[in-house]
Amino acid sequence: MYMPELPEVETITRNLNINLVGQKLLSIDFLRKDIIAEKLNPVSEYLLLGESIIKVFRYGKYLLFQFTNNYLMIVHLRMTGKLLYLPLLSEEDKNLYLNHKHTHVIFNFSDGELLFNDVRRFGKIYFSKIDNSVTLEELLNSGPDALSENFSKDYLYQRSQKSPKKAIKTFLLDQKIVAGIGNIYADECLFLAAIKPNRAAASLTREESSTLHDKIIQVLEDSILSGGTTFSDYRTADNHKGNFQNKLFVYGRAGESCRICSNTLESIKIAGRTTVYCPKCQI
DNA sequence: CAAACATCCTGGGTGC
DNA sequence: TGCACCCAGGATGTTT
């Protein structure tokens with residue numbers, strides 16, 4: 001029922017930046033080794049042991065941990081992945097998660113343990129070497145981050161005009177076009193921009209594209225302020241839920257009434273993804 | 001070349 | 001109450 005998108009990853013990033021920077025990685029316990037993916041310029045995890053974290057940052061839905069020797073640990077939580085910093089948990093949660101059947105990797109840092117927990121095991125961890133000839137965009141095979149300056153109004157409009165067939169919803173979900181938007185926020189920003197999700201991307205006027213750009217940034221920033229959206233699985237690094245689920249207009253509300261016009265919200269499939277929209281407000 | 005489809009995975013929900 | 005099914009979804013690889 002839920003996947004961490006840009007606002008949720010940003011919330012976790014901020015939390016870990018406060019709590020993990022400066023700590024030395026002492027050892028890693030792999031309870032399941034298949035979480036580690038041999039991609040993104042892979043290196044052995046042994047090269048990171050004994051090194052300290054310089055910073056934790058985010059690109060799209062990826063979490064990146066930069067170490068003193070300039071190696072990177074990159075984490076993608078996909079749908080149900082969690083990164084939990086043990087010292088922030090309650091005593092009850094500490095015992096629960098240490099022995100949890102879905103806790104797959106334990107990182108032992110100088111001041112506490114970081115747990116990777118993932119029910120569906122779609123999430124992945126990469127250990128990577130920074131190659132200065134390769135940009136982060138290229139390494140992560142992604143377009144501009146949705147909250148970066150590179151994701152400009154002009155870029156969104158020009159790029160949309162090059163997708164004559166693709167539905168605007170599918171367009172927004174494509175990380176190579178813009179990084180960070182998933183199913184929840186794609187539906188939300190299309191609702192706020194009053195655009196029907198199955199319209200061809202290239203059918204957007206310059207004005208619609210401009211409004212959509214405004215709404216993407218607005219909805220992502222608002223959600224970050226609320227600590228993200230929680231349906232069932234998402235937790236911040238201190239195991240708290242976000243609050244943005246109470247502010248959603250369409251996602252998860254099929255059959256309920258539109259908060260603007262009271263019409264019944266409809267659910268359709270676009271490229272295999274559940275899509276909820278208001279047939280009256282969105283044109 | 002782009003779009004559609006299958007794949008990975010588990011728990012929660014439904015219907016009989 | 002139990003069991004068999006179905007569904008959710010991000011990114012990748014394969015097929016059309």
Side-chain angles (χ1 to χ4, degrees), chain A residues 1-10 12 31-42 58-64 74-83 96-97 100-105 116-126 128 136-146 159-190 197-203 220 228-235 242 245 248 250-255 265 267-277:
Chain A
M1 264 305 269
Y2 164 80
M3 54 288 166
E5 303 179 30
L6 189 152
E8 293 73 34
V9 178
E10 177 66 24
I12 297 166
L31 303 165
R32 283 198 75 105
K33 190 84 188 189
D34 62 352
I35 300 298
I36 310 306
E38 296 288 327
K39 285 188 175 181
L40 310 185
N41 207 3
R58 179 190 64 69
Y59 192 100
K61 304 175 195 171
Y62 287 95
L63 268 149
L64 300 99
I74 304 172
V75 177
H76 198 304
L77 299 171
R78 294 289 181 98
M79 273 106 67
T80 54
K82 297 175 198 166
L83 277 177
L96 174 69
Y97 280 106
H100 198 281
K101 69 190 269 202
H102 300 305
T103 293
H104 307 307
V105 186
F116 177 83
N117 178 286
D118 189 0
V119 170
R120 286 180 209 173
R121 307 210 315 269
F122 280 14
K124 288 278 179 271
I125 298 173
Y126 311 84
S128 302
L136 212 49
E137 277 194 34
E138 289 166 339
L139 179 70
L140 301 175
N141 195 26
S142 297
D145 183 89
R159 191 68 188 76
S160 69
Q161 299 308 298
K162 291 179 192 164
S163 295
K165 291 270 195 174
K166 195 176 272 193
I168 184 63
K169 162 82 181 267
T170 313
F171 176 91
L172 292 176
L173 290 177
D174 187 341
Q175 304 299 298
K176 278 205 71 103
I177 292 169
V178 52
I181 301 173
N183 212 29
I184 296 175
Y185 298 105
D187 280 9
E188 291 302 308
C189 64
L190 285 169
N198 55 5
R199 291 236 328 254
S203 76
L220 294 176
T229 302
T230 300
F231 270 89
S232 56
D233 293 298
Y234 163 70
R235 295 292 187 277
Q245 63 275 14
L248 296 176
V250 284
Y251 183 86
R253 299 193 66 242
L265 299 177
S267 177
I268 54 171
K269 289 271 186 186
I270 297 179
R273 297 286 170 258
T274 302
T275 302
V276 185
Y277 73 105

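Naming convention: chains lettered A, B, ... in sequence-line order (proteins, then strands); numbering from 1 in each chain.
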Round to the nearest Å and state the distance from [X] atom [atom1] to [N] atom [atom2].
X: A:Ile35; N: B:dC8; atom1: CD1; atom2: P; result: 15 Å
X: A:Met79; N: C:dC7; atom1: CE; atom2: P; result: 15 Å
X: A:Glu38; N: C:dA11; atom1: CD; atom2: C1'; result: 18 Å

Among the candidates [options], find the nucleotide nearest to the side-chain atoms of [X].
X: A:Thr274; options: B:dT10, C:dG10, C:dA8; answer: C:dA8
X: A:Lys61; options: B:dG11, C:dG10, C:dG9; answer: C:dG10
X: A:Lys101; options: B:dG11, C:dG10, C:dT12; answer: B:dG11
X: A:Phe122; options: B:dC9, C:dA8, B:dT10; answer: B:dC9

It should be established whether [X] places a side-chain nitrogen or oxygen under 4.0 Å from OP1 or OP2 of nucleotide [N].
X: A:Lys124; N: B:dC9; answer: no
X: A:His76; N: C:dA11; answer: yes
X: A:Tyr251; N: C:dG9; answer: yes

Donor on one side chain, acceptor on other, A:Asp118 and A:Thr80, under 3.5 Å: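 Per modelled atom types, A:Asp118 and A:Thr80 side chains form a pair under 3.5 Å.
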Flag for A:Tyr97-A:Lys82: side-chain donor and acceptor within less than 3.5 Å: yes
Upstream residue (5' side of DNA chain B) when A:Lys165 and A:Arg273 are each assigned their closest nucleotide: A:Lys165
